[in-house]
Amino acid sequence: MKKNSKYLIRDLIFTFVCLLVISGTSYSLYQDITERIDFSKNQQVGHIVFKRNSAHRKYASYSVWEHLNQKSPLYNKDTIRTSKDSDVRLVLEGGIEVALEQQSLIFVIMTPRGFEIDFQGGEIHSIAVNRMTVRYRNSTITLEKGTSFSLCELDNNSAELTVNRGNAHIENSGSGIIKNVTGNEKATITSNSVQITALQFKDCFPPNNTILVSPDKKMSVNFTWKTEVPETTVIVARDVQLNDIVTTADNAKGCNIELSPGRYYWKLVSSSTESRTFSFEVLEEKTPLITNPVNNSNLEKSGKDSFEVSWLTRGRADSYQVNIYKDGSDSPIESALTKNNSTMLDMPAEGTYQLVVAPIYHFGAAKKDMNSEAITVYVNSSAEKTPVDVITPSTQAAVSLEAALHNGILCSWISTSGKCRVELFSDNGSGHASGDSIFSEETGKNSIRLTGNFTTGSYIVKVTPLSNSYSEGVTHFQLKEGLGLTLISPTINSHFKAGSDITFIWRDQSAALNYQLQISEDNSFKNPVIESKVSTFSDTLRLTEPGIYFARVNILDPAGKTLVFGDIRKFSIPIDLPLPSFNESDVPSDIDTIVTPSVEVSWNSVPGADRYQASLLKAGEAMSETVISTITTASTSASFSNTGRLTPGRYCIQITAQKKEQELLTAVSGEVKHYFNASRGKGLEIKTPETIFILVK
């Protein structure tokens with residue numbers, strides 16, 4: 001049967017109209033659910049700096065709550081609330097920092113007199129950078145500038161105000177009570193009373209709601225406080241109910257533990273009182289990385305009035321402090337505070353500067369040096385500069401390969417009053433550097449020792465000043481085998497008696513006519529204590545002052561200038577110490593090993609000594625002795641009690657005085673000995689009882 005086309009068109013139109021109605025109502029429902037009120041033209045009085053878990057905001061004239069996001073703006077007459085296991089930190093204009101703990105509710109209003117917070121319940125903390133007011137029920141709390149406080153609702157009818165620093169003024173309209181609360185005091189507020197008591201636990205660290213910043217996975221947190229309450233127990237936990245305990249310490253005066261990043265709570269408890277529960281967070285924060293300018297870069301003034309500083313943010317900092325310091329100064333010449341990851345600074349005068357970017361955290365977070373990025377920059381003009389005058393090694397000089405491998409190559413130049421980058425390259429034969437640098441280091445001094453796995457050949461040294469007054473200086477030299485002289489005597493790390501003759505002996509195959517023997521108190525030989533010119537292969541000197549010394553023999557050219565520097569040899573002259581002497585009233589005479597299993601001895605102190613070595617020895621035949629036990633002590637007595645029971649025989653106690661000052665400067669006195677005999681006593685004599693027979697009839 002054929003269907004009427006008029007009915008078919010009517011069905012299609014009806015279906016299309018139904019689809020339009022459904023689409024329109026669906027879009028209206030979506031708009032109603034997702035639409036957010038635009039308050040961008042309202043007065044903004046602050047912003048959210050951190051939110052954990054769930055928090056909501058309600059605008060002044062609306063009853064709908066909306067979710068708060070990180071970095072959300074805060075408007076006048078907003079109401080903020082937090083859910084369970086949630087908290088919010090916000091900053092109001094003027095730098096007032098407020099933290100809401102879990103299940104808290106506040107109403108914020110800006111008045112001509114400043115900020116007012118209507119506290120409805122829960123717990124809040126604040127650092128009142130400026131004067132502010134908090135209202136709770138029928139009480140008005142006025143907080144002076146710089147006051148650090150917390151306000152916690154105890155039940156439906158009371159709250160506790162704790163002032164850690166600064167001053168608070170409380171007016172209770174219900175009872176007409178007016179009270180002042182100062183630092184380290186707390187006030188219990190009800191509808192008709194205000195009770196003030198002193199805090200039993202003061203200066204607690206970490207204080208409540210603090211962020212502790214560390215660049216590592218673990219951070220050592222030192223818990224400290226002041227109190228006169230005895231037998232204090234500290235409890236550290238991961239939850240505010242103190243159920244998930246990290247550690248406890250009884251009868252403690254402090255506590256130091258390693259903590260991973262996260263949120264923690266701690267409390268002090270005694271038999272008579274307890275502190276409030278403090279919360280803090282350990283935050284793993286990576287150092288911001290300065291990307292422009294790069295470290296050790298040169299900024300050309302050339303008419304520029306400013307330059308840009310930019311960095312990579314690698315943490316949760318709220319803002320960044322950028323400082324530029326003149327080299328060697330502790331006070332910045334310019335500073336900038338920004339929430340961005342870049343800023344502009346005025347171009348300073350020519351010179352060397354340190355540029356520092358430090359992350360800033362709210363609520364008293366630690367601002368440690370390790371969380372700051374610091375680089376060095378140099379501001380230069382475009383004027384022509386004088387090349388650095390490189391002194392050593394002198395151009396085309398021959399340097400001993402053996403001396404270079406053993407002692408390095410001394411490179412020195414005329415001071416440039418700033419840092420220099422020193423680089424060593426192989427010479428490709430045409431007087432130009434070949435390949436990568438063998439050695440590269442920066443220094444603020446005017447000399448450095450070049451080190452590396454050298455071989456014979458030609459080399460180039462480049463000294464590039466990083467300051468503004470000089471340009472690069474270059475010198476060429478050669479490394480050759482068999483040039484440097486090595487001392488045969490004295491041997492390495494030899495010891496000599498003060499005032500005795502020391503003979504220095506060397507051999508040379510270069511047929512040199514003159515040598516220079518240098519003795520110095522350091523291996524730079526800038527100020528030698530002895531410098532003698534000789535034409536033989538030996539020299540004898542006498543040193544009277546104890547100390548560590550360095551010696552070398554240099555080859556001189558006919559004009560008396562140093563042609564080759566010799567290898568360096570270290571030796572020392574120890575301090576003389578007098579012999580120790582036994583305390584005759586406290587030395588063992590012949591002993592019975594059963595009655596006296598341990599050996600006690602004492603001696604008189606030796607002036608200048610800081611330790612003693614006491615040894616117990618078993619005397620053998622032909623004056624041979626075997627060490628049984630040795631004790632090193634700073635006292636003047638020793639007890640040999642862990643040697644086991646001594647066997648009968650002859651023994652010796654030996655004492656040596658010592659003094660340690662430097663690496664080789666060890667003073668040792670002569671040895672004194674005391675001999676004694678050890679025998680085994682008979683002990684108790686046990687007799688066998690006689691047997692008696694009794695005849696019984």
Side-chain angles (χ1 to χ4, degrees), residues 37 39-52 55-62 65-82 86-102 104-136 139-153 159 161-170 207-211 279 281 316-321 337-340 360-365:
I37 304 169
F39 277 85
S40 59
K41 297 180 181 180
N42 284 18
Q43 182 185 10
Q44 182 176 339
V45 295
H47 63 280
I48 306 298
V49 296
F50 174 68
K51 177 187 73 73
R52 184 169 65 96
H56 301 83
R57 171 243 300 283
K58 182 167 71 71
Y59 297 104
S61 56
Y62 290 82
W65 292 90
E66 72 169 17
H67 284 281
L68 274 175
N69 299 320
Q70 303 277 12
K71 312 298 182 182
S72 292
L74 186 67
Y75 300 109
N76 192 20
K77 299 181 181 179
D78 273 357
T79 302
I80 308 296
R81 74 180 183 187
T82 56
S86 306
D87 58 272
V88 165
R89 294 169 185 161
L90 54 93
V91 175
L92 305 176
E93 286 184 2
I96 298 175
E97 302 173 352
V98 180
L100 280 72
E101 294 290 345
Q102 63 174 343
S104 299
L105 179 67
I106 63 170
F107 173 70
V108 180
I109 183 171
M110 167 70 89
T111 71
R113 298 182 302 277
F115 276 104
E116 289 186 2
I117 293 179
D118 191 352
F119 176 64
Q120 300 291 327
E123 184 173 0
I124 64 171
H125 318 278
S126 180
I127 301 173
V129 177
N130 291 322
R131 184 185 177 95
M132 65 177 292
T133 301
V134 177
R135 298 188 183 276
Y136 171 70
S139 294
T140 301
I141 305 168
T142 303
L143 299 144
E144 298 295 335
K145 182 179 179 179
T147 299
S148 173
F149 74 95
S150 61
L151 183 62
C152 177
E153 187 178 41
L161 172 71
T162 302
V163 177
N164 300 308
R165 182 181 69 250
N167 296 282
H169 181 77
I170 303 175
N208 196 46
N209 212 54
T210 297
I211 302 173
S279 67
E281 182 178 1
R316 209 183 71 192
D318 304 298
S319 55
Y320 295 88
Q321 180 77 41
L337 181 64
T338 178
K339 295 178 183 177
N340 303 318
I360 304 298
Y361 312 88
H362 291 291
F363 299 95

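Keep in mind that this is a model prediction, so the values were computed, not measured.
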With sequence neighbours excluded, residues passing side chain to side chain contact (heavy atoms under 4.5 Å, CB included) with E144:
R131, T147, N167
Within the structure provided, determine whether H47 and K339 are in side-chain contact (heavy-atom separation under 4.5 Å).
yes
How long is the gap from CD on E97 to CG on L92, to the nearest 0.5 Å?
9.5 Å
If I take atom OG from residue S148 and atom CG from residue N164, how far apart are they, to the nearest 0.5 angstrom?
4.5 Å
Would a distance-only check, ignoring hydrogens and angles, find a side-chain to backbone donor-acceptor pair under 3.5 Å from S104 to T82?
no
Check the pair S279, E101 against side chain to side chain donor-acceptor pair (under 3.5 Å), reporting the backbone distance first and the verdict last.
CA-CA 9 Å; S279 67; E101 294 290 345; 3.3 Å; yes
Assign the ring pair H67 / H56 to parallel, tilted or perpendicular, where the plane angle (0 to 90°) is split at 30° and 60°.
tilted
Is it the case that Q120 and Y136 place a side-chain donor and acceptor less than 3.5 Å from each other?
no
Calculate, to the nearest 0.5 Å, the distance between atoms CG and CG belonging to L100 and L105 respectively.
8.5 Å
Here's one to test your reading of the geometry: is the NZ or CZ of R81 within 45 degrees of the ring axis of W65 and under 6.0 Å from its centre?
yes
Here the gap from R57 atom CZ to T79 atom OG1, rounded to the nearest 0.5 Å, amounts to 10.0 Å
State, to 0.1 Å, how close Y320 and N340 come at their nearest heavy-atom pair, and which atoms those are.
CD1-O, 3.7 Å
CG of D78 to CD1 of I106: how many Å apart, nearest 0.5 Å?
9.5 Å
Across all chains, not counting sequence neighbours, the side chain to side chain contact (heavy atoms under 4.5 Å, CB included) partners of I109 are N76, K77, F107, T111, E116
Does R135 pair with D118 as a salt bridge, N-O distance under 4.0 Å?
no
Where K51 and L68 come nearest, the two heavy atoms and their spacing
CE-O, 2.9 Å
Polar side-chain atom of R113 near backbone of T133 as donor-acceptor pair, under 3.5 Å:
no
Keeping T162 on the side-chain end and F149 on the backbone end, is there a donor-acceptor pair under 3.5 Å?
no
I need the E123 CD to C152 SG distance, nearest 0.5 Å.
4.0 Å
Can you check whether I117 reaches M132 side chain to side chain, under 4.5 Å on heavy atoms?
yes
Using side chain to side chain contact (heavy atoms under 4.5 Å, CB included) as the criterion, point out the one residue from L161, T142, V134 that pairs with I170.
L161
Walk me through whether Y75 and V45 qualify under side chain to side chain contact (heavy atoms under 4.5 Å, CB included).
CA-CA 5 Å; Y75 300 109; V45 295; 5.8 Å; no
Can a salt bridge be assigned to the pair E281 and R89 using a cut-off of 4.0 Å between side-chain N and carboxylate O?
yes
